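So you know, we letter chains A, B, ... as the sequences are listed, proteins then strands, and number each from 1. Just so you know, these numbers come straight off a predicted model, no measurement behind them.
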Amino acid sequence: MRTSVQEMIAQSKGKKNKKFLEKMIPVILFLIASVSVLTTIGIVVTLVVETITFFTRVSVFDFIFGTTWLPFSNKEQLFGILPLIAGTLKVTLIAVIVAVPIGISSAIYLSEYASDSVRRVIKPVLEVLAGVPTIVYGFFALTFVTPVLQSFFPEIKIFNAISPGIVVGIMIIPMIASLSEDAMSSVPKQIREGALAMGSTKFEVAWKITVPAALSGIIASVVLAVSRAIGETMIVSLAGGSTPKFDGDFTGSIQTMTAYIVQVSKGDAGYGTTIYYSIYAVGFTLFVFTMLMNVLAGYLSKRFREEY
Amino acid sequence: MRYIEHEKVVKRMNGRLITNMLFKGIFMAATALAILVLVILGYRLITQGAGHISMDFLTNFSSRFPEKAGIKAALIGSLWLMAVVAPTSIILGVGSAIYLEEYAKKNKITAFIRINIANLAGVPSIVFGLLGLTIFVRALALGNSILAAGFTMSLLILPVIIVASQEAIRSVPNELRAASLGMGATKWQTIVKIILPAAIPGILTGSILALSRAVGETAPLIVIGIPVIIQFLPTGVLDTFTALPMQIYDWSSRPQQEFQVVAAAGIIILMIFLLLMNSVAVIIRNKFHKRY
């Protein structure tokens with residue numbers, strides 16, 4: 001017996017299961033997609049709840065404006081976060097000094113000077129640099145960069161802000177280079193060719209046309225990289241030391257927000273102690289810092305995209 | 001009368017050309033510097049650590065004595081971690097991507113999910129550690145198990161997998177969708193039989209790169225309390241374990257100089273692990289590279 005197409009369609013329409021499946025799939029997939037939203041909610045709720053518990057024991061004012069961070073003291077525990085922020089900013093500052101000129105120079109070279117074949121070789125190499133685990137960079141900072149620095153400047157201690165700063169800088173170079181290059185290569189070719197036709201050199205095109213046109217994208221890449229530097233953990237906890245200090249000294253041991261969380265997590269800070277809750281308060285501060293940076297970067301690159 | 005003073009023009013032009021060459025050199029040098037760092041890094045690791053790599057190093061557990069310290073527990077532990085992270089993160093990532101690309105309506109909820117994924121990608125990994133510690137280790141009472149660590153890592157790399165999968169799905173041309181739907185296939189049939197097969201190379205490439213990030217991450221493992229010294233192998237996902245980066249971190253932070261050699265050897269193994277994963281990704285990308 002042969003069934004006509006019409007009959008087959010009629011049969012298929014009768015299959016309730018299939019219809020049910022077709023209706024259920026989007027619901028299931030929506031639930032899966034909401035996992036990422038739940039993760040964010042989870043992060044915020046976790047940090048806020050535990051931080052509030054922390055603030056029932058330590059005053060908010062002392063936390064934000066205190067200049068001494070002495071959680072392990074036997075006498076009086078002090079939780080003023082400024083020393084940890086100072087340590088974080090020291091490393092970030094050095095990282096920016098290293099990464100911004102090198103990153104943007106590479107971006108200009110790749111987008112304005114390099115031929116296609118050169119670009120095809122260099123970009124993957126930079127990607128490798130971005131894929132090196134931070135623990136490896138930390139080891140490199142501790143066992144190579146610090147000794148090299150010490151041989152030039154003997155006053156630098158084993159744990160200091162400069163060495164991890166330089167290595168964090170190296171870590172974020174690929175990020176600045178590739179995001180800035182994206183921004184520059186999306187500057188329309190016509191503008192560039194117009195300038196070249198008027199007799200500009202490639203450098204003049206890069207410096208007076210491409211870079212200004214891509215500026216908000218370039219700044220966004222730097223801001224994102226700064227956010228990454230602030231949140232970087234392993235390099236600073238291996239090579240930065242664990243001495244939270246509120247001063248301007250770059251040559252001695254420091255402690256960053258992330259390194260403090262690692263220090264507490266490594267030891268046994270008993271559940272429920274003030275030290276235990278302090279890692280959430282520090283984590284929350286870190287989260288706020290990086291979120292602000294990410295939102296700013298998002299805003300900047302969006303502004304850039306609207307121009308063309 | 002001459003309108004152009006030739007000499008002056010030549011002189012100025014030469015100056016501009018010199019500036020151009022100078023800055024070209026500077027830009028090239030900066031790029032070369034970044035690559036040089038990679039070379040120094042590789043050279044240092046190999047000269048420091050290669051001598052320590054032996055069968056014993058691969059088959060011994062860690063030890064207080066540097067010459068006996070091996071990487072067995074960490075190597076097997078990292079494989080166990082992958083066994084949890086890979087399915088969890090790929091199912092969640094690809095599922096989210098299919099929803100966003102194929103089903104999501106253009107409304108505020110969808111926009112919110114997209115913005116949320118972008119922001120999640122910028123959250124420091126150590127904060128994910130705090131999330132894992134609170135939710136998986138304590139609230140769900142998984143302890144410092146492979147499962148707790150695996151879920152934490154999965155959430156950490158989720159944004160990367162979602163974005164990569166979205167791109168792969170988006171690059172499947174609309175004609176294929178239209179043809180499949182026009183033949184009477186349902187939406188889900190179109191997705192499973194047409195879109196996913198076409199998007200799989202892109203999805204796999206992105207997922208492997210994300211997984212290799214999870215292999216190298218240390219901070220979340222420290223925060224959720226993954227131990228270092230382990231003298232047994234895990235037998236299930238609820239056992240505790242140690243992983244390559246944890247082991248390297250422990251060796252690097254010991255005061256004895258001899259452990260630096262052991263750490264370098266561990267790093268070489270980790271980097272080989274990562275290079276293998278990356279080359280698989282490259283092979284997939286090249287083999288299935290299709291342009292529609």
Side-chain angles (χ1 to χ4, degrees), chain A residues 18 21-22 25-26 29-30 32-33 35-37 39-40 42-43 46-47 50 101-102 105-106 108-110 113 122 125-126 128-129 131-136 138-140 142-144 170 173 201-204 224 227 231 233-234 238 258 261-262 265-266 279-280 283 286-287 290-291 294 298, chain B residues 16-17 19-20 23-24 26-28 30-31 33-35 37-38 41 44 92 95-96 98-100 103 112-113 116-120 122-127 130-131 134-135 155 158-159 162 186-188 212 216-219 222-223 225 245 248-249 252-253 260 263-264 267 270-271 274 278:
Chain A
K18 208 165 140 193
L21 183 77
E22 287 294 329
I25 292 286
L29 289 176
F30 174 75
I32 289 179
V35 167
S36 65
V37 177
T39 307
T40 309
I43 288 174
T46 308
L47 292 178
E50 307 285 38
I102 299 182
S105 297
S106 314
I108 295 177
Y109 176 70
L110 288 175
Y113 289 97
I122 291 180
V125 176
L126 286 179
V128 173
L129 209 55
V132 173
T134 53
I135 180 77
V136 178
F139 179 75
F140 185 63
L142 186 66
T143 64
F144 180 70
I170 293 169
I173 286 173
T201 63
K202 276 197 170 175
F203 171 68
E204 286 160 350
L224 263 189
S227 162
T233 310
M234 297 322 298
L238 266 175
T258 50
I261 300 176
V262 166
S265 307
K266 258 194 335 175
I279 60 173
Y280 289 92
L286 176 69
F287 180 75
T290 51
M291 252 322 102
N294 294 338
Chain B
R16 289 167 60 203
L17 284 175
T19 317
N20 182 44
F23 274 93
K24 185 183 179 183
I26 291 174
F27 296 146
M28 265 177 101
T31 313
L33 195 66
I35 293 164
V37 170
L38 199 62
L41 183 69
R44 283 277 304 175
L92 290 178
S96 307
I98 295 176
Y99 174 76
L100 288 173
Y103 285 104
F112 178 69
I113 295 179
N116 177 67
I117 290 168
N119 281 335
L120 205 57
V123 175
S125 60
I126 196 159
V127 173
L130 290 173
L131 174 78
T134 321
I135 306 289
L155 295 183
L158 188 57
I162 295 177
T186 62
K187 192 156 191 177
W188 182 238
S212 67
E217 272 292 346
T218 324
I222 297 178
V223 176
I248 293 163
Y249 174 63
S252 321
S253 51
Q260 285 195 5
I267 289 175
L270 175 67
M271 293 304 280
L274 294 181
N278 283 2

Heavy-atom side-chain contact between [X] and [Y] under 4.5 Å:
{"X": "B:V127", "Y": "A:I261", "value": "no"}
{"X": "B:N116", "Y": "A:T39", "value": "no"}
{"X": "B:L130", "Y": "A:L47", "value": "yes"}
{"X": "A:I32", "Y": "B:Y99", "value": "no"}
{"X": "B:I117", "Y": "B:F112", "value": "no"}

Do you know which of [options] has the most heavy-atom pairs under 4.5 Å to chain B?
{"options": "A:T46, A:I279, A:L110", "result": "A:T46"}
{"options": "A:V35, A:L238, A:I170, A:L224", "result": "A:L238"}
{"options": "A:I173, A:I102, A:T134, A:L129", "result": "A:L129"}
{"options": "A:G231, A:G298, A:P26", "result": "A:P26"}
{"options": "A:V37, A:L286, A:L142", "result": "A:V37"}

Side chain, backbone, both or neither: which part of [X] has an atom under 4.5 Å from a heavy atom of chain B?
{"X": "A:S36", "value": "both"}
{"X": "A:L126", "value": "side chain"}
{"X": "A:T40", "value": "both"}
{"X": "A:S227", "value": "side chain"}

With a 4.5 angstrom heavy-atom cut-off, is it the side chain or the backbone of B:A264 that approaches chain A, or both, or neither? both
Give, as side chain, backbone, both or neither, the part of B:L155 having an atom under 4.5 angstrom from any heavy atom of chain A. side chain
Looking at [options], which one has more heavy-atom pairs under 4.5 Å with chain A than the rest?
{"options": "B:I113, B:L17, B:I98", "value": "B:I113"}
{"options": "B:I248, B:I135, B:L41", "value": "B:L41"}
{"options": "B:G216, B:S252, B:A263", "value": "B:S252"}
{"options": "B:I26, B:T134, B:V123", "value": "B:T134"}

Between B:T186 and A:E22, does any side-chain donor sit less than 3.5 Å from a side-chain acceptor? yes
Which of B:T31, B:I35, B:L33 passes side-chain contact (heavy atoms from CB on, under 4.5 Å) with A:S106? Answer is B:T31
Identify, with sequence neighbours excluded, every residue that meets side chain to side chain contact (heavy atoms under 4.5 Å, CB included) alongside B:S212. B:L274, B:M277, B:N278
Sequence neighbours excluded, the answer for side chain to side chain contact (heavy atoms under 4.5 Å, CB included) partners of A:F203 is A:Y113, A:T201, A:W207, B:T19, B:N20, B:F23, B:F27
